[in-house]
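In what follows, chains are A, B, ... by sequence order, proteins preceding strands, each numbered from 1. Atom set for the values below is all heavy atoms of this structure, side chains included, hydrogens, waters and symmetry mates excluded. Treat the numbers as computed from the prediction; the structure is a model and nothing was measured.
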2 protein chains.
Amino acid sequence: MQEHELLPAFTAHVLSAARANNGKAPSERDLAEHFSVSRGQVREALAILESMQVIERRAKSGIYLADGHNGIAAMAFFARAGLPLENRQIYEAVEVRKIHEIKAAEMAAERATEKNFAALRDILARSEDRLAQGEGIDSLDQEFHLEIVRATQNGVFLSICTAFYEVGATRLQVYFRDPERNRKSHDEHRQIYEALLARDAALSSALMVSHLRGAMSYWTELLEPDADRPA
Amino acid sequence: MQEHELLPAFTAHVLSAARANNGKAPSERDLAEHFSVSRGQVREALAILESMQVIERRAKSGIYLADGHNGIAAMAFFARAGLPLENRQIYEAVEVRKIHEIKAAEMAAERATEKNFAALRDILARSEDRLAQGEGIDSLDQEFHLEIVRATQNGVFLSICTAFYEVGATRLQVYFRDPERNRKSHDEHRQIYEALLARDAALSSALMVSHLRGAMSYWTELLEPDADRPA
DNA sequence: TCCGCAATCTGGTCTAACCAGAATATGGTG
DNA sequence: CACCATATTCTGGTTAGACCAGATTGCGGA
């Protein structure tokens with residue numbers, strides 16, 4: 001039951017089955033039979049889900065959905081696995097991500113090394129190529145933003161942001177299907193790069209604020225409205 | 001091999017053994033024998049460690065220390081388990097935590113509900129009692145800060161901050177052994193509460209900045225200096 | 001209707017295998 | 001002595017079957 005092949009489907013099944021049964025998941029033996037694997041495999045997967053606080057295992061009773069909200073580890077896993085997240089989680093994640101990005105721009109302006117600048121230049125150059133060929137920016141956008149976080153020289157900060165990028169990865173592909181948006185994003189990236197290079201923390205963060213305003217709002221607009229977070 | 005009893009010791013053993021062997025951990029069979037449990041138990045534990053990217057399992061070869069830096073999930077687990085973190089991680093975590101707390105104060109000033117205010121008042125009142133009896137603030141400090149994050153009404157934000165608090169929990173107990181610090185912290189808490197109640201975002205965040213300056217610097221000063229982060 | 005006991009179910013744990021590729025030891029050759 | 005091919009051992013991956021004891025459930029009697 002390696003994560004890369006069965007865990008996502010396994011998790012999806014456990015969750016949907018549990019939700020359809022008042023929060024109680026099928027027994028280990030049932031799950032093993034359903035996926036044609038041994039109980040040992042099932043237990044390994046359940047151990048992981050339990051460690052992420054997605055489920056709760058009660059001895060001699062059963063497997064239950066964890067009551068509290070999922071932590072970031074679970075969110076990142078869900079995103080990576082292509083499992084659905086609640087709208088509330090998306091909204092909140094976008095907000096938190098915004099906070100991080102803006103602060104990262106400020107810090108990066110002060111701490112970025114020549115290596116970071118070189119990496120940013122390389123990403124911008126590759127973006128130009130893509131645009132010249134009429135293609136989308138796609139993952140290069142993420143690379144750009146991630147490099148800025150890397151430029152803060154704070155590994156913990158980087159690992160948090162990486163998790164958030166995983167949450168947004170698939171949704172971003174839709175955004176960058178529009179050529180207009182690609183061009184605009186790229187231009188803004190270049191402006192931000194210039195501000196960072198000039199070590200202008202205030203400008204860097206201000207540019208990031210407006211850069212994110214456009215993309216992020218579109219991002220949350222894609223969500224089907226529900227009662228999660230009316231404000 | 002429930003997390004609460006064996007996983008910490010198990011992890012500690014795996015890591016130290018691996019570090020003493022060029023990054024390669026003992027075999028599953030050896031680990032099973034060492035802890036007097038079955039291979040199944042060992043594999044469950046290893047699955048969790050692998051999911052947190054602490055280790056890497058290579059089929060038919062062995063178990064190796066993961067090369068990259070640990071994510072926040074691993075950090076929180078290490079902290080909870082009482083396992084040592086690298087100084088670099090502590091430094092970085094403190095910096096990131098600072099960023100979150102300051103932003104949280106700003107957001108909380110705008111979004112805190114009456115329920116949040118009531119909780120804060122309750123914490124302050126209990127702090128007074130503790131101080132009156134000559135006891136330390138201890139966990140009440142954490143409760144206060146966490147309630148502010150909760151007041152942002154952002155669950156994702158909260159789960160991140162919770163993870164960071166776990167990292168600092170033990171170290172904070174030392175800090176609050178000094179009566180003087182307890183009094184000072186409490187007074188600052190009260191000031192912050194007043195600012196929040198007045199919905200003054202700028203003041204709240206400013207007060208938080210100075211509040212954290214004292215505590216946090218002490219916090220990192222406790223670390224034995226090493227080459228991790230000379231700046 | 002309600003209570004109590006018995007059968008059943010469930011997670012937790014262990015033993016004993018087999019597989020096939022990786023890692024290593026062996027031995028013979030140039 | 002150096003080197004390479006082969007045989008042996010080791011390792012993670014996976015399965016099957018079994019036992020335990022508490023939680024759950026269902027049935028039958030009061």
Nucleotide D/dT15, atom C1' - distance to CD of A/E33 in whole Å:
15 Å
d(CG, A/D30; C1', C/dT8) in whole Å:
14 Å
Over all strands shown, is B/I63 touching base, sugar-phosphate only, or nothing at heavy-atom distances under 4.0 angstrom?
sugar-phosphate
For A/S36 and A/R58, take the nucleotide of DNA chain D holding the closest heavy atom to each; which residue's nucleotide lies nearer the 5' end?
A/S36
Remember a base hit wins even if backbone is also touched, and classify B/G62 as base, sugar-phosphate or nothing at under 4.0 Å, heavy atoms.
sugar-phosphate
Out of D/dG12, D/dT15, D/dT24, which has the shortest distance to the side chain of A/S61?
D/dT24
Cut-off 3.5 Å, side chains only: do B/H189 and B/D141 have a donor facing an acceptor?
yes
Between the side chains of B/E92 and B/R88, is the shortest nitrogen-to-carboxylate-oxygen separation below 4.0 Å, so that they form an ion pair?
yes
Candidates C/dG21, C/dT10, D/dT24 - which lies nearest the side chain of B/K60
C/dG21
Determine, using ring centers only, whether B/H100 and B/H145 are less than 6.0 Å apart.
no
Using whole Å, what does the distance between atom P of nucleotide C/dC14 and atom CD of B/Q41 come to?
5 Å
Taking CZ from B/R57 and P from D/dC10, how many angstroms apart are they, rounded to a whole number?
21 Å
Take the protein atom CD of B/E44 and the nucleotide atom C1' of D/dG12, then report the distance between them rounded to whole Å.
16 Å
Looking at C/dT10, D/dT14, D/dT15, which one has an atom nearest to any side-chain atom of B/R43?
D/dT14
Nearest heavy-atom approach of A/V156 to A/N154 is N-OD1, 3.0 Å
Just compare D/dG12, C/dG12, C/dC14 and give me whichever is closest to any side-chain atom of A/E28.
C/dG12
Nearest heavy atom decides the nucleotide; on that basis, is B/K24 or B/S38 closer to the 5' end of DNA chain C?
B/S38
Can you measure A/F35 atom CZ to D/dT15 atom P for me and round it to whole angstrom units?
13 Å
Please give, in whole Å, the distance from D/dT14 C1' to A/L31 CG?
17 Å
What I'd like to find out is whether the side chain of B/M75 reaches to under 4.5 Å of the side chain of B/L85, using heavy atoms alone.
yes
Taking atom P of D/dG17 as reference, at what distance in whole Å does atom CZ of A/R39 sit?
13 Å
Go through C/dC14, C/dC18, C/dG11 for me and flag the one nearest to the B/R29 side chain.
C/dC18
